[in-house]
Amino acid sequence: MPELAEVEFMRRRWDAALEDAVTSVELHPRARIFRGVDTAALARGLTGATLTSSHRSGKQMLFACGDSGWLGLHLGMTGELRVEASAYPIDRHDHLVLRQRARALVFADPRMFGTVEWTPGTQPPAWWRDRPPEIMEPAFTAERLQAFLARRAKSPLKAVLLMQEMFPGIGNWMADEVLWRAGLHPARAAGSLDAVDCAALHRELRFVCRGALRSIVRDVDGHWADPPRGWLFHERWVDGGRCPRTGSPLVRETIGGRTTCWSPALQNR
DNA sequence: CCAATTGTTATTTA
DNA sequence: ATAAATAACAATTG
């Protein structure tokens, strides 16, 4: 479920725990979510440690745990972070529970496509240093975008927008939202865009990321808020959904291996 | 029973 | 060899 802004929402949930010590750790060591992780070292490193800061890059989160180490989390398709009361009993799909004096921090993920990782020591993990620029940052230029599209010339735009190495945080609904706003057909070959199309794509990528972060991160009764009215988001899963701009029927089909919703009347370039 | 799911990666195909 | 397409992962819901 979680894309850029939903991940940011989850990160901020755990910020309630910063500067507090972890008194104990509960986990299911054999859960697939811990594939490749030394769970004994993770439990040892986190017990008694203090969460000192939290970070996000795309859909990846990183929590600094004092001098002890770094906890990396990815929510996959169905992961979530929650804050529960200190006596909260671990539930079936909760894979990692960090207990503090005042609360319990829970990482749950029914489908276990998410990942947990632990890097001991004071230096952040190598993968964190190599993260690509966020779409909102100045380093995400139209020139970089155009060069990337040229290297994926024959792939449909929809598939290319899901590539995290260039578009960190973009997922299925955000990709559809961006292409809809840019008026670009999701099956259009990435290498066929001229400078004008490319500029439009660049502009709408930034618009959708900014708008999603501004709206979704707001807390509404313990859950994230919806994107603004008028966004494709509100129509894309509705049977008989209509394009918010043209009022014409929307179409759903598999493009780039994912269910894609688009407006034939609007996305004709 | 069948198909679907807002993610990523390994494997297969072209 | 490389890029693109597909299967796989796992659980749940309709």
Side-chain angles (χ1 to χ4, degrees), chain A residues 1-11 28 30-37 56-61 72-81 91-96 107-117 127-128 130-132 135 147-181 186-192 205 208-209 211-213 215-217 223-228 231-241 250-262:
Chain A
M1 197 161 350
E3 302 181 22
L4 177 74
E6 294 93 339
V7 175
E8 177 66 12
F9 178 87
M10 296 295 187
R11 179 186 74 81
H28 299 304
R30 293 184 324 186
R32 185 187 145 82
I33 203 101
F34 292 112
R35 52 198 178 276
V37 179
R56 179 196 55 76
S57 178
K59 298 170 190 167
Q60 185 71 47
M61 290 179 286
L73 295 177
H74 191 291
L75 299 174
M77 192 93 90
T78 52
E80 68 168 348
L81 303 187
D91 201 7
R92 180 165 166 222
H93 297 305
D94 301 337
H95 306 297
L96 179 64
F107 172 54
D109 182 6
R111 282 171 78 178
M112 290 194 283
F113 291 171
T115 53
V116 176
E117 70 166 60
W127 59 260
W128 183 256
D130 300 333
R131 297 287 302 168
I135 291 168
F148 188 82
L149 296 180
R151 265 180 277 131
R152 304 284 183 216
K154 301 217 174 138
S155 290
L157 282 174
K158 173 62 183 275
V160 172
L161 286 181
L162 294 174
M163 296 178 176
Q164 300 298 297
E165 69 266 32
M166 185 65 194
F167 307 104
I170 298 293
N172 207 18
W173 80 255
M174 288 183 82
D176 285 357
E177 195 79 43
V178 167
L179 292 169
W180 174 72
R181 283 194 61 91
R188 173 96 175 264
S192 70
L205 275 160
V208 169
C209 286
L213 284 168
S215 58
I216 292 175
V217 168
H223 202 268
W224 60 66
D226 275 346
W231 281 34
L232 179 67
F233 180 93
H234 301 285
E235 297 289 329
R236 62 188 306 266
W237 290 125
V238 179
D239 283 336
L250 296 168
V251 169
R252 276 201 299 264
E253 62 180 324
T254 299
I255 298 176
R258 306 300 301 277
T259 299
T260 299
C261 177
W262 56 287

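Chain letters run A, B, ... following the sequence lines, proteins first and then strands; every chain starts at 1.
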side-chain contact (heavy atoms from CB on, under 4.5 Å) with [X]: which residues, sequence neighbours excluded?
X: A/P227; answer: A/W173, A/S215, A/I216, A/W231, A/F233, A/H234
X: A/F34; answer: A/L27, A/A31, A/V37, A/T39, A/H95, A/L96, A/V116
X: A/R30; answer: none
X: A/P168; answer: A/R131, A/P132, A/E134, A/I135

- Message: What is the first contacted nucleotide of DNA chain B and what is the last, in 5' to 3' order, if contact means an atom lying under 4.0 angstrom from a heavy atom of chain A?
- Response: B/dT5 to B/dT8
- Task: List in chain and number order the residues that pass side-chain hydrogen bond (donor to acceptor under 3.5 Å, both in side chains) with A/T259, two or more places apart in sequence or in another chain; answer none if no residue qualifies.
- Result: none
- 5'-most to 3'-most nt of DNA chain C touching chain A (<4.0 Å, heavy-atom partner on protein side) reads C/dA4 to C/dT12
Approximate separation, where rounding is to 0.5 Å, of [X] [atom1] and [Y] [atom2]:
X: A/E6; Y: A/H223; atom1: CD; atom2: NE2; value: 8.5 Å
X: A/M61; Y: A/R56; atom1: CE; atom2: CZ; value: 9.5 Å
X: A/K154; Y: A/S192; atom1: NZ; atom2: OG; value: 12.5 Å

What is the nucleic acid contact for [X], judged by heavy atoms within less than 4.0 Å: base, sugar-phosphate only, or nothing?
X: A/R32; value: sugar-phosphate
X: A/R92; value: sugar-phosphate
X: A/P227; value: nothing
X: A/G76; value: sugar-phosphate

- Message: Looking at A/E165 and A/R152, is there a salt bridge between them, counting it only when a charged N and a carboxylate O are closer than 4.0 Å?
- Response: yes
- Contacts of A/E235 meeting salt bridge (Lys or Arg N to Asp or Glu O under 4.0 Å) (sequence neighbours excluded), chain-then-number -> none
- Qualifying residues under salt bridge (Lys or Arg N to Asp or Glu O under 4.0 Å), relative to A/D176, sequence neighbours excluded: A/K158, A/R236
- Query: P atom, B/dT11 versus C/dA10: distance in rounded Å?
  - Reply: 14 Å
- Task: Determine the interatomic distance between P on C/dT13 and the same-named atom on B/dT8; round to the nearest Å.
- Result: 23 Å
- Message: According to ring-ring contact (aromatic ring centres under 6.0 Å, His included), who are the partners of A/W180, at least two apart in sequence or on a separate chain?
- Response: none
- Parsed dot-bracket for DNA chain C after applying the Watson-Crick and G-U rules with both distances under 3.5 Å and | for other-strand partners is .||||||||.||||
- Do you know the tightest heavy-atom contact between A/F148 and A/V160? CE2-CG1, 3.7 Å
- Taking only heavy atoms on the protein side, list every residue of residues 158-180 of chain A lying under 4.0 Å from any atom of DNA chain C, sorted numerically. none
